[in-house]
Each structure stands twice: as C-alpha cells, then as structure tokens.
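Inspection log for the structure reproduced underneath, given as structure tokens.
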Amino acid sequence: EYGQMTALELFEVYNNQLNGTLPTELGQLTALTAVGMFNNFLTGTLPTELGQMTLLDSLFASSNPLTGTLPKELGLLTA
C-alpha cells in the first residue's frame with residue numbers, strides 16, 4: 001500500500017499512538033525528503049530499505065520503543 005505513493009515528499013505520522021513495526025515498503029517512497037514518526041509506539045528495527053530513499057535528509061523517529069542499531073544503509077544517504 002505505502003509503496004504506491006511514489007511522489008510523496010513528506011511523511012508525517014507523529015503523535016498518533018501508532019504501534020507495530022515499520023513496513024519495508026516505505027523504502028519504495030524514493031521521493032521522500034522528510035519522515036516524521038516520533039512519539040508513537042513503533043517497535044522493532046528501522047528497515048534497511050529506508051536506505052533506498054536517496055532524497056531523504058530528515059528522519060525523526062524518537063520516542064518510540066524501537067530496538068537494534070541504525071541500518072548501515074542510512075549512513076550511505078547523501079541528501
């Protein structure tokens with residue numbers, strides 16, 4: 001579902017009490033420049049597919065019970 005919004009540039013879902021894991025399909029949203037998903041109940045790890053968002057320059061994911069380390073693919077982004 002999310003992967004079909006390929007022209008989306010801004011994805012803000014903060015303060016919504018969302019729970020569960022992040023879908024890997026978010027990585028297909030390659031036009032995204034900013035993702036705001038802080039202050040929810042998102043669990044698990046950040047998907048490595050987020051590294052496919054080559055225009056991403058802001059990622060706000062604080063105040064979530066996420067686990068693990070940041071995917072190395074995020075370190076390769078240059079935007």
Side-chain angles (χ1 to χ4, degrees):
E1 294 175 24
Y2 293 108
Q4 297 175 7
M5 299 183 288
T6 55
L8 190 67
E9 296 178 9
L10 179 63
F11 186 73
E12 293 184 331
V13 293
Y14 54 88
N15 293 324
N16 281 299
Q17 299 183 0
L18 299 175
N19 61 21
T21 58
L22 290 170
T24 58
E25 292 84 9
L26 284 179
Q28 296 172 13
L29 306 180
T30 55
L32 279 178
T33 59
V35 175
M37 56 186 167
F38 57 88
N39 203 24
N40 285 294
F41 300 99
L42 300 171
T43 58
T45 60
L46 292 175
T48 59
E49 288 82 1
L50 295 183
Q52 298 170 9
M53 295 190 266
T54 56
L55 299 177
L56 188 68
D57 64 14
S58 300
L59 174 64
F60 303 99
S62 63
S63 298
N64 283 291
L66 295 167
T67 57
T69 59
L70 291 175
K72 65 180 178 185
E73 290 80 3
L74 289 179
L76 302 175
L77 297 176
T78 58

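Values in this document were obtained by computation on a predicted structure and should not be read as measured data. As a basis for the values below, the full set of heavy atoms in this structure was taken, side chains included, without hydrogen atoms, waters or symmetry mates.
- Put simply, Y14 and L8 are part of two different groups of oily side chains (I, L, V, M, F, W, Y) that touch within less than 4.5 Å, one to the next.
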Name the atoms and distances for all side-chain donor-acceptor pairs under 3.5 Å in residues 35-62, with sequence neighbours left out.
residue	atom	partner	partner atom	Å
N39	ND2	N15	OD1	2.4
N40	OD1	N16	N	3.0
N40	OD1	Q17	N	3.0
N40	OD1	L18	N	3.0
N40	ND2	V13	O	2.9
N40	ND2	M37	O	3.1
N40	ND2	F38	O	3.3
T43	OG1	G20	O	3.4

Sequence neighbours excluded and cut-off under 3.5 Å, please list the side-chain donor-acceptor pairs for residues 68-79, or say none.
none

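- Between L29 and M5 there is a side-chain heavy-atom pair separated by less than 4.5 Å.
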